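Owing to the predicted nature of the structure, the values given are computational and were not obtained by experimental measurement.
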Amino acid sequence: MAEKRNIFLIGPMGAGKSTIGRHLASQLHMQFYDTDTEIERRTGADISWVFDVEGEDGFRVREEAVIDDMTQEQGLVLATGGGCVKSKENRNRLSARGIVVYLETSIDKQFARTQRDKRRPLLQNCDDPREKLEKLAQERMPLYEEIADYRVVTDDQSAKSVANQIIELLGF
């Protein structure tokens, strides 16, 4: 293959986008990026600080700029934030500039994977994190499905196994 297409991983928090993305990029000899890490690099502050100071809307503006920049690159694996699909511009850019893989996971798995993670601003100040995850799923699942080229369930699979499954699906 002369030119590798971008692979964009979308899905809810706790689906394994970053971990799976690292495995996938390594196996395909591609660059790996994570939008949250890139936002932190550009702002010099962690995501929680951005949420505290600028709110979710401010964070989403930064996320949109990062996705616009990163999706213009070639031959990379990009793990996106769970809420990036809320932006029509992000959905258009992701679907037009690469292969979109929706990593799907159950609410139970999300809850188990995120309950002790202090780096999840949307779950930090809510009374019922499980209820919040369910609400986010209802809102975002149709948007994930709208732009997904492929869909892979990550429950009860290792990151390496999911990465191998994606490689097989994509015919790499």
Side-chain angles (χ1 to χ4, degrees), residues 1 4-40 46-48 63 66-67 70-71 73-87 90-91 93-95 97-124 126 128-172:
M1 182 182 343
K4 289 188 177 174
R5 293 207 44 214
N6 291 329
I7 301 170
F8 305 132
L9 302 178
I10 64 169
M13 69 177 92
K17 298 180 299 286
S18 297
T19 305
I20 292 162
R22 281 188 202 87
H23 281 281
L24 190 58
S26 174
Q27 290 182 53
L28 294 173
H29 306 289
M30 294 170 73
Q31 290 290 320
F32 171 74
Y33 296 94
D34 178 290
T35 56
D36 285 354
T37 302
E38 186 63 18
I39 291 166
E40 289 179 340
D46 65 27
I47 296 301
S48 297
E63 182 178 59
V66 164
I67 287 175
M70 302 302 293
T71 58
E73 299 295 322
Q74 212 49 50
L76 61 84
V77 174
L78 180 66
T80 63
C84 79
V85 294
K86 291 172 61 175
S87 159
N90 285 343
R91 293 194 309 275
R93 289 173 181 138
L94 291 167
S95 60
R97 297 176 180 170
I99 301 164
V100 180
V101 180
Y102 168 24
L103 299 182
E104 188 178 7
T105 190
S106 67
I107 299 294
D108 287 341
K109 285 291 180 189
Q110 273 187 277
F111 184 71
R113 292 172 180 165
T114 61
Q115 68 181 358
R116 287 188 267 302
D117 189 341
K118 300 299 180 214
R119 296 175 45 98
R120 309 284 181 173
L122 292 177
L123 298 181
Q124 293 312 302
C126 69
D128 187 346
R130 183 182 294 277
E131 183 180 301
K132 180 69 171 182
L133 291 170
E134 288 170 359
K135 183 176 180 284
L136 291 172
Q138 280 183 332
E139 173 188 303
R140 297 173 180 178
M141 194 178 302
L143 303 174
Y144 297 140
E145 292 172 346
E146 173 188 319
I147 64 168
D149 295 305
Y150 299 94
R151 189 173 171 168
V152 179
V153 177
T154 64
D155 290 1
D156 303 320
Q157 292 192 70
S158 70
K160 187 175 182 179
S161 172
V162 174
N164 288 335
Q165 192 176 339
I166 292 168
I167 290 167
E168 196 172 299
L169 278 171
L170 303 183
F172 287 163

Engineer: Not counting sequence neighbours, which residues clear side chain to side chain donor-acceptor pair (under 3.5 Å) with T35? List them please.
Structural biologist: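 For T35, no residue satisfies side chain to side chain donor-acceptor pair (under 3.5 Å) once neighbours in sequence are set aside.
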
Engineer: Taking salt bridge (Lys or Arg N to Asp or Glu O under 4.0 Å) as the definition, give me every residue that meets it alongside E145, ordered by chain and number, with sequence neighbours left out.
Structural biologist: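 Checked E145 against salt bridge (Lys or Arg N to Asp or Glu O under 4.0 Å); matches are R151.
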
Engineer: Search all heavy atoms of L94 against all heavy atoms of V100 and return the closest pair with its distance.
Structural biologist: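 Scanning both residues completely, I find the closest heavy atoms to be O-CG2, 3.5 Å.
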
Engineer: Where do G82 and R140 come nearest, in terms of heavy atoms and distance?
Structural biologist: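 G82 and R140 have their closest heavy atoms at C-NH1, 3.4 Å.
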
Engineer: Side chain to side chain donor-acceptor pair (under 3.5 Å) with S87: which residues, sequence neighbours excluded?
Structural biologist: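 Once residues adjacent in sequence are excluded, the partners of S87 under the side chain to side chain donor-acceptor pair (under 3.5 Å) criterion are E64, E89.
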
Engineer: Identify which one of I99, D149, T71, V77 satisfies the side chain to side chain contact (heavy atoms under 4.5 Å, CB included) criterion when paired with F8.
Structural biologist: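 For F8, the side chain to side chain contact (heavy atoms under 4.5 Å, CB included) check succeeds only for T71.
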
Engineer: Would you name the heavy atoms of R5 and Q74 that are closest together and state the gap between them?
Structural biologist: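 Closest approach of R5 to Q74: CA-NE2, 4.1 Å.
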
Engineer: Return the CD to OG1 distance between E63 and T80, rounded to the nearest 0.5 Å.
Structural biologist: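 E63 atom CD to T80 atom OG1 measures 7.5 Å (nearest 0.5 Å).
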
Engineer: Using atom types as modelled and distance alone, determine if a side-chain donor or acceptor of K17 lies under 3.5 Å from a backbone N or O of G11.
Structural biologist: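 It does hold such a pair.
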
Engineer: Roughly how far, to the nearest 0.5 Å, is NZ of K135 from NZ of K132?
Structural biologist: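 Those atoms lie 5.0 Å apart.
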
Engineer: Just so I know, are the side chains of Q165 and Q157 near enough to count as touching, which here means a heavy-atom distance under 4.5 Å?
Structural biologist: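 When only atoms from C-beta onward are counted, Q157 and Q165 do touch, with a gap below 4.5 Å.
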
Engineer: Is the closest side-chain heavy-atom distance between E40 and D46 below 4.5 Å?
Structural biologist: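 They are in side-chain contact.
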
Engineer: Please determine whether side-chain contact (heavy atoms from CB on, under 4.5 Å) holds for the pair L133 and F111, giving the CA-CA distance in whole Å, both sets of side-chain angles, and the decisive distance to 0.1 Å.
Structural biologist: CA-CA 8 Å; L133 291 170; F111 184 71; 4.0 Å; yes

Engineer: Return the CG to CG distance between L143 and N90, rounded to the nearest 0.5 Å.
Structural biologist: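 It is 11.0 Å, given to the nearest 0.5 Å.
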
Engineer: For residues P142 and A137, report the shortest heavy-atom separation together with the two atoms involved.
Structural biologist: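 Smallest interatomic distance, heavy atoms only, reads CD-O, 4.2 Å.
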
Engineer: How long is the span from the NE2 atom in H29 to the CZ atom in F172, to the nearest 0.5 Å?
Structural biologist: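 If I round to the nearest 0.5 Å, the distance is 12.5 Å.
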
Engineer: Check the surroundings of atom CD in E146: do more than 12 heavy atoms from other residues, nucleotides or ligands lie under 6.0 Å from it?
Structural biologist: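 Check passes, neighbour count above 12.
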
Engineer: To the nearest 0.5 Å, tell me how far I39 CD1 sits from I67 CD1.
Structural biologist: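 If we round to the nearest 0.5 Å, I39:CD1 and I67:CD1 are 7.5 Å apart.
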
Engineer: For the residue pair Y144 and I10, what are the closest heavy atoms and their distance?
Structural biologist: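 Y144 and I10 have their closest heavy atoms at O-CD1, 3.6 Å.
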
Engineer: Please confirm whether the backbone N or O of I147 pairs with a side-chain atom of Y102, one donor and one acceptor, at under 3.5 Å?
Structural biologist: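 Between the backbone of I147 and the side chain of Y102 there is no qualifying donor-acceptor contact (under 3.5 Å).
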
Engineer: Rounded to the nearest 0.5 Å, what separation is found between the CG atom of L78 and the CD1 atom of I7?
Structural biologist: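 Going from the CG atom of L78 to the CD1 atom of I7 covers 11.0 Å.
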
Engineer: Find out whether D155 and E104 are in side-chain contact, i.e. whether some heavy atom of one side chain is under 4.5 Å from a heavy atom of the other.
Structural biologist: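 No - every pair of side-chain heavy atoms lies 4.5 Å or more apart.
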
Engineer: My understanding is that only residues two or more places apart in sequence, or in another chain, count here; which of them pass side chain to side chain donor-acceptor pair (under 3.5 Å) with E38?
Structural biologist: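 Checked E38 against side chain to side chain donor-acceptor pair (under 3.5 Å); matches are R41, R42.
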
Engineer: Looking at side-chain heavy atoms only, is the closest gap between T105 and P12 below 4.5 Å?
Structural biologist: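 Yes, their side chains come closer than 4.5 Å.
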
Engineer: Under the salt bridge (charged side-chain N to carboxylate O under 4.0 Å, His left out) rule, what pairs show up with a residue in residues 156-170, not counting sequence neighbours?
Structural biologist: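 The answer is K109-D156.
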
Engineer: Could you tell me if the side chain of I20 sits less than 4.5 Å from the side chain of V101, heavy atoms only?
Structural biologist: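 Heavy-atom side-chain distance check fails, nothing below 4.5 Å.
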
Engineer: Should N6 and M70 count as side-chain neighbours, where that means a heavy-atom distance under 4.5 Å?
Structural biologist: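 No. Closest side-chain heavy atoms not under 4.5 Å.
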
Engineer: Kindly write out the residues that satisfy side chain to side chain donor-acceptor pair (under 3.5 Å) with S95, not counting sequence neighbours, or none if the list is empty.
Structural biologist: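 So S95 forms no side chain to side chain donor-acceptor pair (under 3.5 Å) with any residue.
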
Engineer: Is there a side-chain contact between V162 and T19 in this structure, where contact means two heavy atoms from C-beta onward sitting under 4.5 Å apart?
Structural biologist: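 Sidechains of T19 and V162: no contact.
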
Engineer: Are any of the side-chain heavy atoms of F32 and S26 separated by less than 4.5 Å?
Structural biologist: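 No - every pair of side-chain heavy atoms lies 4.5 Å or more apart.
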
